[in-house]
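Comments concern the structure below.
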Amino acid sequence: MKKQILGLSSDLHFFLFHKPVSMQGGIEKLKGLVINELDRDPTNGDVYIFLSSNRKQIKLLHYENYVFTMYVRRIYKGRFVYPEYDPQKDKYIISMEKLIKLIRGYASRV
């Protein structure tokens with residue numbers, strides 16, 4: 001069964017940016033990070049996830065039907081938690097369930 005949140009569905013590919021990001025920039029800055037740091041095409045329909053250095057803000061960048069959408073969430077108590085890191089694959093593992101929890105603001109109380 002396909003799960004969906006914020007217009008994002010479980011059949012999409014999700015990529016977490018590997019470093020904390022300054023949240024002062026907008027869509028153009030995030031597109032530049034996808035192109036220059038991840039060596040990927042931001043218009044390929046994938047969803048790119050960015051966390052601030054204090055893990056209190058998260059941004060998602062998604063492109064579909066000739067439109068970029070940037071989702072922004074800010075948590076005021078606690079911090080967003082990074083998904084599980086798989087050192088063998090050198091990437092973060094992000095299931096749809098973990099993404100939903102991340103977006104909805106389930107966070108560590110650090």
- request: Establish, for the pair Arg40 and Tyr48, whether the NZ or CZ atom is under 6.0 angstrom from the six-membered ring centre and no further than 45 degrees off its axis.
  value: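 No, Arg40 does not lie over the aromatic ring of Tyr48.
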task: Show your working on side-chain contact (heavy atoms from CB on, under 4.5 Å) between Thr43 and Lys31 and close with a plain yes or no.
output: CA-CA 9 Å; Thr43 64; Lys31 283 172 43 182; over 6 Å; no
- request: Please examine the side chains of Ile75 and Arg55, heavy atoms only from C-beta on, and report whether any two atoms are closer than 4.5 Å.
  value: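 Side chain of Arg55 against side chain of Ile75, heavy atoms only: no contact under 4.5 Å found.
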- prompt: Within a strict 4.5 Å, meaning less than it, do heavy atoms of the Val47 and Phe15 side chains meet?
  reply: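 Not touching, per the 4.5 Å side-chain cut-off.
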field: CA sep, side-chain torsions, deciding dist, call: Lys19, Glu37, side-chain contact (heavy atoms from CB on, under 4.5 Å)
entry: CA-CA 10 Å; Lys19 298 186 269 190; Glu37 297 281 332; 3.3 Å; yes
Shortest non-hydrogen contact from [X] toward [Y]:
X     : Y     : answer
Pro20 : Ser53 : CB-CA, 3.4 Å
Arg73 : Phe80 : O-CE1, 3.9 Å
Ile35 : Pro42 : CG1-CD, 3.5 Å

For [Y], is there any backbone N or O sitting under 3.5 Å from a side-chain donor or acceptor partner on [X]?
X     : Y     : result
Arg79 : Asn54 : yes
Lys56 : Gly78 : yes
His62 : Gly45 : yes
Asn44 : Asp41 : yes

message: I'd like to know whether Phe14 forms a side-chain contact (heavy atoms from CB on, under 4.5 Å) with Ile49, so could you lay out the CA-CA distance, the side-chain angles of the two residues, the decisive distance to 0.1 Å, and finally the verdict.
response: CA-CA 7 Å; Phe14 300 90; Ile49 305 165; 4.1 Å; yes
Hey, what do you get for [atom1] ([X]) to [atom2] ([Y]), rounding to the nearest 0.5 Å?
X     : Y     : atom1 : atom2 : answer
Ser22 : Lys29 : OG    : NZ    : 3.5 Å
Glu28 : Leu61 : CD    : CG    : 9.5 Å
Leu51 : Gln57 : CG    : CD    : 10.0 Å

task: Apply the test side-chain contact (heavy atoms from CB on, under 4.5 Å) to residues Leu30 and Phe50: give CA-CA distance (whole Å), side-chain angles for both, the deciding distance (0.1 Å), then the verdict.
output: CA-CA 8 Å; Leu30 298 181; Phe50 304 87; 3.8 Å; yes
message: Angle between ring planes, Tyr66 versus Tyr63, binned at 30° and 60°: parallel, tilted or perpendicular?
response: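 Rings of Tyr66 and Tyr63: perpendicular, over 60°.
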